[in-house]
Amino acid sequence: MTKGKETYYATTPIFYANAEPHIGHAYTTTLVDVATRFHRLKGDNTYFLTGTDEHGEKIQKAAEANNMSPQEYTDMIAGKFKSTWDSLDIRYDDFVRTTQERHKKVVREILQKVYDNGDIIFGEYGGLYCLGCERYYTDKELKDGKCPQHDTKPEYRSEENYFFRMEKYRPWLQDHIKQNPDFIRPERYANEALGILREPIGDLSISRPRNRVPWGIPLPWDENHVTYVWFDALINYYSALDSKNLIDEYWPHVNHFIAKDILKPHGIFWPTMLKSAGIDIYPHLNVHGYWLIDQGKMSKSKGNVINPLDLKDKYGVDAFRYYLLKDMHFGSDASFSEEGLAERINSDLANDFGNLLNRTLGMLGKYTEGKVPGITKIEEIDHDLISSFTKLPEIFTEYFDNLEFDKAISAVLEAIRKANKYIADTEPWVLAKDENKKARLETVLTNCVEALRCASILLEPVMPNKTRELRKQLGIKNIPFNLASAAEWDLVPVNTQTQKGEPLFPRIDLEALKEETVVKEVVLEHKPEVTIDDFAKLEFRVAEILSAEEHPKADKLLVLNVQLGPEKRTIVSGIKEWYKAKELAGKKVIIVANLKPVKLRGILSEGMIMAAEDEDGNLSISSLDRDIISGSEVR
RNA sequence: GGCGAAGUAGCUCAGCUGGCUAGAGCGCACGACUCAUAAUCGUGAGGUCGAGAGUUCAAGUCUCUCCUUCGCUACCA
């Protein structure tokens with residue numbers, strides 16, 4: 001509370017515009033919104049940036065699949081993100097899109113700086129390229145010739161590429177991370193980054209030929225190439241400020257917030273890029289975990305999965321935001337469930353917080369005609385209550401500074417519970433029966449009002465709407481509303497007229513919730529339509545497994561010898577987790593017979609067995625309804 | 001296989017640099033109260049802190065081994 005005005009610049013990642021927002025995007029963005037609102041409450045100078053990442057081959061393809069131009073497509077997706085943020089009451093200052101000219105201009109400037117600095121080298125690069133990852137893979141990295149991420153076969157491509165000399169900054173970055181414990185937080189992610197840096201990180205491919213990927217930013221010194229996704233995207237954090245001449249004001253105070261899956265680009269690529277470009281390194285990278293979706297009895301295959309984001313409409317934005325912030329310990333994973341959300345709402349928001357307001361208003365209505373009577377007769381027990389609240393802003397601030405949002409909220413809840421206990425202890429309904437205790441009654445009730453006022457300030461960043469509603473019911477207006485005023489007491493003017501309204505957070509019937517069955521239909525995601533000619537390129541055949549053995553140098557692979565009509569083939573297959581080598585002999589299965597052979601961990605695989613896998617990880621290999629001779633073609 | 005994280009009350013989880021009888025919330029049981037949204041307040045339930053060993057005067061908290069789970073990664077075309 002003693003600190004002066006600070007500057008706070010917070011960012012979410014710019015989300016890749018090839019799909020609609022999901023709970024993960026929503027969490028990061030809500031979190032940043034809450035953090036920014038908190039700093040605003042504190043009186044700090046804040047800036048909140050979010051946006052979308054709109055370049056790259058994947059988006060080009062996604063646009064094509066939807067019969068749209070890339071620009072139309074990204075306009076649509078960016079619109080969806082914006083409307084989702086609106087519906088979550090996210091109040092960002094700027095929404096940057098990497099296709100905006102203001103961004104492209106800065107990307108080119110920074111590229112040029114890095115180039116002039118001698119950190120860009122040119123090389124011809126040929127290799128196996130995965131479309132899904134938008135990157136090349138070395139033979140070593142591939143799994144049986146497949147992309148380890150997408151399990152798809154990369155295509156061979158040869159092209160000229162520019163590389164950023166990232167490796168040369170490795171020692172510097174290691175040192176930087178070690179010297180600055182607050183650089184990557186929480187600590188476990190700094191350790192993870194150091195782990196990555198123990199091995200050479202290589203140079204970073206930063207371009208793609210423009211003739212193949214027109215949807216990108218051309219390199220300033222070579223118009224025939226466009227920049228690669230990360231080099232383009234990461235710069236948004238800087239370009240958005242730069243385009244508004246805000247670098248000096250905000251850049252030194254960046255707080256990047258990301259989920260753990262993009263630690264490497266943000267913790268490794270980004271600082272080395274900045275270093276090379278001669279830009280100050282951002283001070284903080286804050287990394288959070290995942291929301292694991294606990295579907296309980298739900299199952300995708302049964303078609304009754306819910307989208308967590310839909311629950312914000314069912315239970316209200318404020319409660320939804322509260323749950324996200326309260327139930328995740330920053331840095332760790334958390335499990336998301338509707339039941340968890342509902343229980344949280346009932347216990348914290350309905351029973352403790354909302355009910356405190358309701359009972360206070362009830363008593364005011366009954367005993368003082370709804371007017372705030374004022375504090376006249378203070379007793380020892382009052383001081384306890386008062387200090388529980390007035391010390392909160394300081395505690396709250398400390399927790400926020402440490403990214404312990406769950407604890408900050410818990411601290412407020414603890415005070416709220418104390419207020420409920422205070423009522424039980426002081427027994428206003430007893431005081432009301434004795435005219436001699438009127439002053440005491442009035443004091444107690446006013447203390448309750450003050451407690452609610454303080455709580456409403458502290459919880460405002462998380463629940464801006466409900467806390468506003470609370471103040472409205474209390475009739476509070478025209479008195480200071482900021483963090484400092486939450487450390488003061490007795491601010492509500494005497495005779496303020498309160499107005500009891502609807503309960504802030506209605507209780508949820510948990511029993512009924514458990515009874516609910518179907519929630520939402522799930523739609524399968526289909527690949528783009530193919531023609532019969534496309535299909536005809538594939539050759540499926542019946543093969544008989546003669547024998548199978550474990551791959552000597554792999555954990556998950558079985559090596560199968562199969563009979564394919566007159567031919568014998570070796571197929572390496574990743575089904576060891578589900579099938580024992582012994583039980584496979586004699587089975588007839590369907591294979592893809594004309595896949596380009598690949599070496600998998602040293603053994604050449606000449607085909608692929610068709611198998612089905614569900615989202616729970618169950619796997620079943622294809623079989624045939626009737627016995628049929630091996631080698632038969634499947635169509 | 002390599003690297004990393006994690007395994008603490010029925011559930012969700014806190015427990016930093018080792019220290020008195022291991023905590024919170026929810027749920028549960030019993031009791032109290034009535035201003036209130038069947039809420040609130042009090043009390044309790046007693047978890048070998050994944051297993052084993054070690055260091056120490058003292059270990060969820062450090063070391064080692066093992067088991068399990070989850071990421072990333074190396075082989076599931």
Side-chain angles (χ1 to χ4, degrees), chain A residues 140-149 151-154 187-189 191-192 194-196 198-199 260-261 263-264 289-290 292 294 326-329 331-335 337 339-340 343-344 346-367 402 404 406-407 410 413-414 417 419-432 444-445 448 500 502-508 510 551-559 571-578 591-592 594-609 611 613 619:
Chain A
K140 258 173 125 184
E141 289 175 311
L142 291 172
K143 295 182 178 177
D144 270 6
K146 283 189 185 174
C147 165
Q149 295 295 321
D151 205 30
T152 53
K153 195 166 194 170
E187 191 185 1
R188 51 150 60 115
Y189 295 106
N191 288 336
E192 218 163 283
L194 287 172
I196 295 171
R198 271 196 288 273
E199 308 264 320
K260 64 184 184 181
D261 57 331
L263 173 64
K264 192 169 176 180
Y290 290 152
L292 308 174
D294 169 22
K326 174 82 192 283
D327 271 37
M328 177 174 277
H329 187 66
S332 314
D333 291 348
S335 45
S337 71
E339 222 171 287
E343 282 172 3
R344 186 97 274 152
N346 275 358
S347 62
D348 289 11
L349 299 181
N351 295 353
D352 290 343
F353 184 41
N355 187 45
L356 176 63
L357 171 68
N358 217 36
R359 63 196 306 207
T360 300
L361 290 172
M363 289 187 286
L364 286 168
K366 213 165 266 190
Y367 307 138
N402 288 328
E404 295 178 295
D406 54 334
K407 289 187 180 172
S410 296
L413 253 288
E414 209 176 298
R417 286 191 204 101
N420 277 318
K421 178 171 162 50
Y422 172 78
I423 294 176
D425 290 344
T426 52
E427 299 181 307
W429 49 92
V430 174
L431 299 174
V444 166
L445 294 183
C448 292
K500 188 169 177 178
E502 290 298 303
L504 228 41
F505 302 95
R507 263 184 76 82
I508 293 150
L510 289 173
H551 193 300
K553 284 193 286 187
D555 291 347
K556 298 182 181 174
L557 301 182
L558 289 180
V559 181
I571 291 179
V572 182
S573 184
I575 56 174
K576 187 170 160 187
E577 191 180 331
W578 299 276
I591 68 162
V592 185
N594 64 339
L595 265 183
K596 183 177 173 182
V598 283
K599 269 195 184 174
L600 288 179
R601 206 89 185 138
I603 295 179
L604 192 70
S605 179
E606 306 162 306
M608 178 173 91
I609 293 189
E613 185 173 3
L619 183 134

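Note on naming: letters A, B, ... go to the chains in the order of the sequence lines (proteins, then strands), and numbering restarts at 1 for each one.
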[N] pairs with which nucleotide, Watson-Crick or G-U wobble, both distances below 3.5 Å?
N      : value
G31(B) : C41(B)
A51(B) : U65(B)
U56(B) : none
G46(B) : none
G4(B)  : C70(B)
A22(B) : none
A14(B) : none
A9(B)  : none

Counting side-chain heavy atoms from C-beta on, which of [options] comes nearest to [X]?
X       : options                : value
D352(A) : G15(B), U40(B), C33(B) : U40(B)
A350(A) : U37(B), C35(B), A5(B)  : U37(B)
N420(A) : C41(B), U37(B), C26(B) : C41(B)
R344(A) : U37(B), G25(B), C35(B) : G25(B)
K421(A) : C35(B), G42(B), G25(B) : G42(B)
A424(A) : C41(B), A5(B), U37(B)  : C41(B)
N351(A) : U37(B), U40(B), A14(B) : U40(B)
P503(A) : C26(B), U37(B), C35(B) : U37(B)
K407(A) : A5(B), G15(B), C41(B)  : G15(B)

*Only one of R417(A), K421(A), R344(A), R359(A) clears salt bridge (charged side-chain N to carboxylate O under 4.0 Å, His left out) with D352(A); which?*
R417(A)
Could you tell me whether the phosphate oxygens of [N], OP1 or OP2, come under 4.0 Å of any side-chain nitrogen or oxygen in [X]?
X       : N      : answer
S332(A) : A14(B) : yes
K326(A) : G25(B) : no
R507(A) : A38(B) : no

If you measure from the [atom1] atom in [N] to the same atom in [M], how many Å do you get, rounded?
N      : M      : atom1 : value
C64(B) : U21(B) : P     : 28 Å
U65(B) : C70(B) : P     : 22 Å
C13(B) : G50(B) : P     : 15 Å

*asked:* Between the base of A36(B) and the side chain of N355(A), is one N or O donor paired with an acceptor at under 3.5 angstrom?
replied: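 Check passes, donor-acceptor contact within cut-off.
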*Mind calculating the distance between CG (L349(A)) and P (U40(B)) to the nearest angstrom?*
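It works out to 12 Å between those atoms.
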Within a strict 4.5 Å, meaning less than it, do heavy atoms of the [X] and [Y] side chains meet?
X       : Y       : answer
N351(A) : R507(A) : yes
Y290(A) : D261(A) : yes
L357(A) : T360(A) : no
L356(A) : I423(A) : yes

*What heavy-atom pair brings G362(A) and K500(A) nearest, and what distance separates the two atoms?*
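That would be CA-NZ, 4.0 Å.
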*Using a cut-off of 6.0 Å, state whether more than 12 heavy atoms not belonging to K260(A) lie near its atom NZ.*
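Yes.
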*Syn/anti label of G46(B) as read from its glycosidic torsion, with the cut at 90° from 0*: anti
*asked:* For E427(A) and D406(A), find the nucleotide of RNA chain B closest to each by heavy atoms; which residue's nucleotide sits nearer the 5' end?
replied: D406(A)
*5'-most by nearest nucleotide on RNA chain B - N358(A) or E192(A)*: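 This one resolves to E192(A).
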